[in-house]
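Okay, structure first, notes after.
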Amino acid sequence: MANSSKNSVLAAIGGNFFLMVAKFTAFSFSGSGAMLSEGIHSLADVLNQTLLLVGIQRAAKEADGRYAYGYAREVYIWALISAVGIFFLGCGVTLYHGFESLLHPPKELSDVTFAIGVLILSLVVEGAVLFIAYSNLKTNAGDTPFWEYLTTRADPSGVAVLLEDAAACIGVIIALAGLALTHITGNVLWDAIATLMIGLLLGGVATWLIIRNHAILVGPSIPEEVQARVRAIIRSRDTVESIQELKTVMLDGRTYDIMADIEFHGDVVAKQLAPKLEAAYPQIKSIEDFREFAAQYADDVIHALGDEIDALEADIRNQIPEAKFLDIEAN
């Protein structure tokens, strides 16, 4: 999953860097505000996707004495910084330029033919990067409904690339429409309106990403259907009488921390130990023998519960690979 997200990010960085240069060049020829907005859009994407790449690299670090649960959440930190960057650099600068164009519109735009050609090329490149990001996420989703996977489990870097490139494709279409209407009508206000729409689009994407990354950093529970599977696995064992408490935390989209407080059936455990107890009982001849027998019995009970907990953890990990951290306690 991490490799597929990394591939998506690298493809996005390469594509957007090329388009950034092309769009700023087209702006220098046309003077179009929408073209400048698209250049800023691509610049913001390059910077933000570079931050995502940093997050992916740092999240791959192994757990150590300082961070026993590993560095997986770093990807959400960098994704959050990236989203804030989109909001202020992409949305803020674009909206400012759009309002400036509305209040002080240029008399006319220069030849927009080159700009339109760059936008058409952008749509092709952005569409290819979007397809790569979507294909990687769709493959990782497996049988999980795509929207559910996207909003609850998907790697934030892959989601960010998907949304940014979807916004980029929509932004290119808006810029094309603004330039075309300006060229046809001769009214430069269409270009300013397109600029504002692109700014609002970037703001919407940034807001969604900020909310998504904030939620996972706070530490939400694992999906309800996965919690139900955990409960079913625990209750499937004869030794379990009830689940007193179940707490779960998503450390990231593919790492769960599960804590369970379980009450075991004493009589079932006793039946498991009965043959050994019956064999040892006739050897009791004195109070010292009895004390040794009782101590051994207590030790056997502790070991039996420990074996049950180990078996439970193995069952959970086999059926739910994301359950990397388990803390099961006997009540």
Side-chain angles (χ1 to χ4, degrees), residues 1-2 59-76 140-145 148-149 151-155 215-281 292-331:
M1 187 183 295
K61 293 170 62 177
E62 296 293 331
D64 54 30
R66 188 176 182 185
Y67 294 99
Y69 285 90
Y71 292 78
R73 282 190 175 179
E74 281 230 26
V75 71
Y76 293 96
N140 292 333
D143 296 330
T144 305
E148 177 187 333
Y149 176 77
T151 54
T152 60
R153 305 186 197 180
D155 182 87
I216 198 70
L217 284 170
V218 170
S221 297
I222 67 177
E224 290 185 5
E225 69 274 14
V226 181
Q227 291 189 52
R229 286 171 59 197
V230 172
R231 292 180 184 276
I233 293 168
I234 293 173
R235 289 176 177 142
S236 67
R237 300 195 68 85
D238 295 338
T239 51
V240 173
E241 183 172 348
S242 64
I243 301 172
Q244 298 296 307
E245 188 175 27
L246 180 67
K247 293 181 180 179
T248 65
V249 179
M250 284 183 64
L251 299 179
D252 62 56
R254 56 188 181 276
T255 308
Y256 300 159
D257 183 11
I258 299 173
M259 296 156 280
D261 191 358
I262 298 171
E263 183 172 351
F264 288 91
H265 276 297
D267 56 345
V268 175
V269 176
K271 287 179 182 178
Q272 292 178 348
L273 297 175
K276 187 175 182 180
L277 292 175
E278 290 169 1
Y281 184 76
E292 184 179 343
F293 171 83
Q296 184 62 49
Y297 178 66
D299 194 46
D300 289 342
V301 169
I302 293 172
H303 281 298
L305 289 177
D307 291 342
E308 279 300 312
I309 290 173
D310 289 343
L312 265 176
E313 290 180 347
D315 286 347
I316 292 172
R317 286 198 174 98
N318 287 336
Q319 298 185 47
I320 306 173
E322 297 87 351
K324 304 288 178 60
F325 300 98
L326 291 169
D327 181 12
I328 296 178
E329 295 183 359
N331 189 319

Suppose we screen for side-chain hydrogen bond (donor to acceptor under 3.5 Å, both in side chains). Which residues come up paired with Glu74, at least two apart in sequence or across chains?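 Glu74: side-chain hydrogen bond (donor to acceptor under 3.5 Å, both in side chains) contacts with Arg58, Trp78.
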Among residues at least two apart in sequence or on other chains, which ones pass side-chain hydrogen bond (donor to acceptor under 3.5 Å, both in side chains) with Glu263?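 Expected list: Gln244.
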Excluding sequence neighbours, so at least two apart, what forms salt bridge (charged side-chain N to carboxylate O under 4.0 Å, His left out) with [X]?
X: Asp300; answer: Lys276
X: Asp327; answer: none
X: Lys247; answer: Glu245

Check whether any side-chain heavy atom of [X] sits under 4.5 Å from a side-chain heavy atom of [Y], and report yes or no.
X: Leu273; Y: Tyr297; result: yes
X: Gln272; Y: Thr239; result: yes
X: Leu246; Y: Ile258; result: yes

Residues forming a side-chain contact (heavy atoms from CB on, under 4.5 Å) with [X], sequence neighbours excluded:
X: Asp64; value: Arg66, Tyr67, Tyr71
X: Arg317; value: Glu313, Leu326
X: Pro321; value: none
X: His265; value: Glu241, Asp267, Val268

Taking ring-ring contact (aromatic ring centres under 6.0 Å, His included) as the definition, give me every residue that meets it alongside Phe264, ordered by chain and number, with sequence neighbours left out.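 Phe264: no ring-ring contact (aromatic ring centres under 6.0 Å, His included) contacts found.
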Residues which pass ring-ring contact (aromatic ring centres under 6.0 Å, His included) with Phe325, listed by chain and number, not counting sequence neighbours: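 Once residues adjacent in sequence are excluded, the partners of Phe325 under the ring-ring contact (aromatic ring centres under 6.0 Å, His included) criterion are Tyr69.
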Testing the basics here: between Pro220 and Ala215, what is the closest heavy-atom pair and its distance to 0.1 Å?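 Between these two residues, the closest heavy atoms are CD-O, 3.1 Å.
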What closest approach, in Å, do Ala330 and Ile309 show between heavy atoms, and which atom pair accounts for it?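 In terms of heavy atoms, the two residues are closest at N-CD1, 4.3 Å.
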So how far is it from Ser236 OG to Leu312 CG, rounded to the nearest 0.5 Å?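 Separation between the atoms: 7.0 Å.
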Taking atom CD1 of Ile262 and atom CD of Glu329, what is their separation to the nearest 0.5 Å?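 If I round to the nearest 0.5 Å, the distance is 10.0 Å.
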Just distance, no hydrogens or angles: give the donor-acceptor pairs under 3.5 Å from side chains in residues 224-235, sequence neighbours left out.
unit_1, atom_1, unit_2, atom_2, d
Glu225, OE2, Arg153, NH2, 2.3
Gln227, NE2, Ile222, O, 3.0
Arg229, NH2, Gln319, O, 2.5

Okay, side chain of Asn318, backbone of Ala314: is any donor-acceptor separation there less than 3.5 Å?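 Yes, the answer is positive, given that a donor and an acceptor are paired below the 3.5 Å cut-off.
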Using side-chain contact (heavy atoms from CB on, under 4.5 Å), reason through Arg237 and Asp315 one step at a time and then give a plain yes or no. CA-CA 10 Å; Arg237 300 195 68 85; Asp315 286 347; 3.1 Å; yes
